[in-house]
Amino acid sequence: MPETFRIQTLNAISPLGLNRLDRERFDLGTEFTDPRAILLRSADLHSYDVPHSLYAVARAGAGTNNIPVEKLASLGIPVFNTPGANANAVKELVIAGLLLAARNLYHAADYTKDLVAEQQLSGKDLDKQVEAGKKQFAGFELPGRTLGVIGLGAIGVLVANAAQAMGMKVLGYDPAITIERAWQLSPSVEQVTSVEELFARSDFITLHVPLIEATQGLVSAERIASMPAGSVVLNFARGGVVDEEAVLAALDSGQLHAYVNDFPTEVGAVHPKVITLPHLGASTSEAEDNCAVMAVDQLSDFLLHGNIRNSVNFPEVAMARSPNTTRLGIFNENKPNMIGQITTVLAEAGLNVTEFTNKARGDYAYTLVDVEGEVADELKEQILAIDGVIRARKIEG
Ligand SMILES: NC(=O)C1=CN([C@@H]2O[C@H](COP(=O)(O)OP(=O)(O)OC[C@H]3O[C@@H](n4cnc5c(N)ncnc54)[C@H](O)[C@@H]3O)[C@@H](O)[C@H]2O)C=CC1
Ligand SMILES: O=C(O)C(=O)COP(=O)(O)O
């Protein structure tokens with residue numbers, strides 16, 4: 001009997017994704033203590049005691065800063081994410097953020113509500129106060145203004161192209177832009193080669209980078225000071241990418257006009273020039289469906305076939321299944337003679353290899369191997385005994 005894999009969900013995952021799982025092979029629950037896989041969105045896994053049973057973690061979304069990615073790599077546990085699946089949702093919220101800031105919409109709507117709810121105005125009195133008060137919310141238009149986009153990945157490219165189509169001058173900065181994203185980027189977007197230049201030339205800055213050591217505090221006091229007075233910072237990446245204290249000081253001094261962000265803090269959320277949303281970037285039904293479908297498909301492909309697609313800590317490795325073969329998935333340290341030792345064990349067991357792929361990424365590597373016929377259980381133990389092999393699995397189809 002092939003195994004039924006226990007998948008523990010730590011956040012609400014769209015049923016459109018979950019319903020793709022064959023219930024004969026997958027058992028879904030929120031309370032397992034020995035899951036084979038974890039499926040989550042933003043739940044924090046950093047203090048999670050990783051059980052020996054765990055084979056994989058799938059993040060229905062983009063950011064993986066809530067997951068101990070390196071630690072899991074060292075245990076031979078791939079972490080998957082869903083690149084691009086929620087990018088349009090974030091792009092639309094960023095465009096809304098540009099307009100919220102440029103037209104002072106948040107305060108303007110509050111003002112109107114206050115006239116009726118608090119001041120109890122109506123009829124001609126209300127009309128009069130509306131016309132008298134509106135000038136304090138007069139804004140500015142986007143065409144001709146410059147938007148600096150930091151990070152030209154799935155989201156950054158969509159934001160850059162949309163802002164450009166709205167008549168903005170768009171600058172982009174991403175020293176590691178992929179060829180795929182460069183092809184998608186509007187040719188009118190100007191690439192700048194230093195983040196300092198981007199700040200100095202931008203009326204709006206929008207952030208679309210992961211939260212990693214290199215991006216922590218990327219928006220600093222010094223960089224904000226180099227922006228034109230009255231600029232706007234939009235942060236739909238992660239709170240830690242911005243030095244919030246510096247932003248609040250710049251809002252107080254008038255150097256910044258507004259800070260629109262998706263990551264509430266006790267101090268920031270109540271500042272009058274800050275517009276904070278409750279981490280809403282990916283919260284559309286479309287994005288939730290897209291992320292769930294992609295995460296579930298990648299996870300089930302790994303559990304059933306050992307294939308790795310869109311992992312953030314292991315390389316892309318996928319092979320079609322062939323009849324009358326047994327598949328092994330092996331995680332090992334990326335060091336010399338691993339392939340030699342693995343194939344020697346297979347040869348000594350008299351096994352004929354029909355397909356073999358080994359790819360490395362950073363300190364670790366992954367091997368998928370198909371051999372003719374059945375494989376004895378002891379073979380897995382022999383492979384695990386090789387110095388540098390972290391984990392080995394006989395994958396039943
Ligand atoms: N507010 C929300 O609900 C959401 C937030 N996010 C955040 O947005 C981030 C980006 O998402 P995607 O665009 O889908 O990821 P992505 O991986 O497609 O793009 C990230 C880009 O940032 C670039 N980058 C990395 N370090 C950089 C640096 N120091 N300077 C400039 N560029 C740098 C990379 O080269 C890559 O092109 C996620 O990691 C996540 O933190 C993503 C989705 C929803
Ligand atoms: O995909 C991301 O990085 C996000 O921030 C979305 O988070 P969520 O899935 O809405 O908890």
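Remember, it's 1-based here, ligands and their atoms both numbered in the order they're listed. Values in this document were obtained by computation on a predicted structure and should not be read as measured data.
Close approach of ligand 1 to D262 (heavy-atom distance below 4.0 Å) involves ligand atoms 1 (N), 2 (C), 3 (O). Close approach to L152 involves these atoms of ligand 1, each under 4.0 Å from a residue heavy atom: 37 (O). Per-residue contacts place V209 under 4.0 angstrom from the following atoms of ligand 1 (heavy atoms of the residue considered): 9 (C), 22 (O), 24 (N), 27 (C), 31 (C), 32 (N), 33 (C). Atoms of ligand 1 found under 4.0 Å from any heavy atom of H208 (numbered from 1 in listed order, with element): 10 (C), 20 (C), 21 (C), 22 (O). Under a 4.0 Å criterion applied to the non-hydrogen atoms of I155, ligand 1 contributes the atoms 8 (O), 11 (O), 12 (P), 13 (O), 14 (O), 42 (C), 43 (C). Ligand 1 places these atoms under 4.0 Å from at least one heavy atom of N86: 43 (C), 44 (C). Those atoms of ligand 1 that come under 4.0 Å of a heavy atom in G281, given as number and element, are 1 (N), 2 (C), 3 (O). Those atoms of ligand 1 with a heavy atom of Y173 less than 4.0 angstrom away are 30 (N), 31 (C).
A cation-pi contact, defined as under 6.0 Å to the ring centre and within 45° of the axis, links R393 to F302.
Side-chain contact, E355 with S322: no donor N or O sits under 3.5 Å from an acceptor N or O. Side-chain contact, R59 with S42: a donor N or O sits under 3.5 Å from an acceptor N or O. Checked by atom type, the side-chain pair D289/S14 shows a donor-acceptor distance below 3.5 Å. D203 and H257 form no side-chain donor-acceptor contact under 3.5 Å, judged by distance and modelled atom types alone. A side-chain donor-acceptor contact under 3.5 Å links E92 and N88.
The protein non-hydrogen atom at the shortest distance from atom 25 (C) of ligand 1 is P210 CD, 3.6 Å. For atom 44 (C) of ligand 1, the nearest non-hydrogen atom of the protein is V90 CG2, 3.3 Å. The protein heavy-atom contact nearest to atom 5 (C) of ligand 1 is F236 O, 3.1 Å. Atom 19 (O) of ligand 1 has G153 CA, 3.2 Å as its closest protein atom, hydrogens excluded (heavy atom only). Scanning the protein for heavy atoms near atom 7 (C) of ligand 1, the closest one is A237 O, 3.4 Å. Taking atom 23 (C) of ligand 1 as the reference point, the nearest protein heavy-atom neighbour is D174 OD2, 3.2 Å.
Taking any N or O of N65, backbone or side chain, none lies under 3.5 Å from an N or O belonging to ligand 1. Taking only nitrogen or oxygen atoms, main chain and side chain alike, A154 reaches within less than 3.5 Å of ligand 1. The shortest N or O to N or O distance between A282 and ligand 1 is below 3.5 Å. Looking at I212 next to ligand 1, no N or O pair under 3.5 Å apart turns up. The shortest N/O to N/O separation between I177 and ligand 1 does not fall below 3.5 Å. Considering backbone and side-chain N/O of T215, none are found under 3.5 Å from N/O of ligand 1. Taking only nitrogen or oxygen atoms, main chain and side chain alike, I150 does not reach within less than 3.5 Å of ligand 1.
Within 6.0 Å of the CD atom in E141, the count of heavy atoms belonging to other residues, nucleotides or ligands does not exceed 12. More than 12 heavy atoms of other residues, nucleotides or ligands shown are found within 6.0 angstrom of CD on Q119. In E24, the CD atom is not crowded: 12 or fewer heavy atoms of neighbouring residues, nucleotides or ligands sit closer than 6.0 Å. Remark: E374 CD is loosely packed, at most 12 non-hydrogen atoms of other residues, nucleotides or ligands lying under 6.0 Å away.
The shortest separation from a heavy atom of P175 to ligand 1 is under 4.0 Å, placing the residue in contact.
Distance remark: protein heavy atom not present below 4.0 angstrom from atom 17 (O) of ligand 1.
Taking 4.0 Å as the cut-off between side-chain N and carboxylate O, D27 and R6 do not count as a salt-bridged pair. A salt bridge links K335 to D387: one of the charged nitrogens lies within less than 4.0 Å of a carboxylate oxygen.
Side chain of N86 to backbone of A282: no donor-acceptor contact under 3.5 angstrom is found. When atom types are taken as modelled, the side chain of R327 and the backbone of H305 share a donor-acceptor pair closer than 3.5 angstrom. Although no hydrogens or angles enter the test, the distance criterion places a donor-acceptor pair under 3.5 Å between the side chain of E316 and the main chain of N310.
Residues of the protein with a heavy atom under 4.0 Å from ligand 2 are R41, S42, R59, A60, G61, A62, G63, N86, R238, H279, A282, listed by chain and number.
The aromatic rings of F314 and Y364 lie tilted to each other, with the angle between the two planes from 30° to 60°.
Residues L147 and L185 are members of one and the same hydrophobic cluster, defined by side-chain heavy-atom contacts under 4.5 angstrom among Ile, Leu, Val, Met, Phe, Trp and Tyr.
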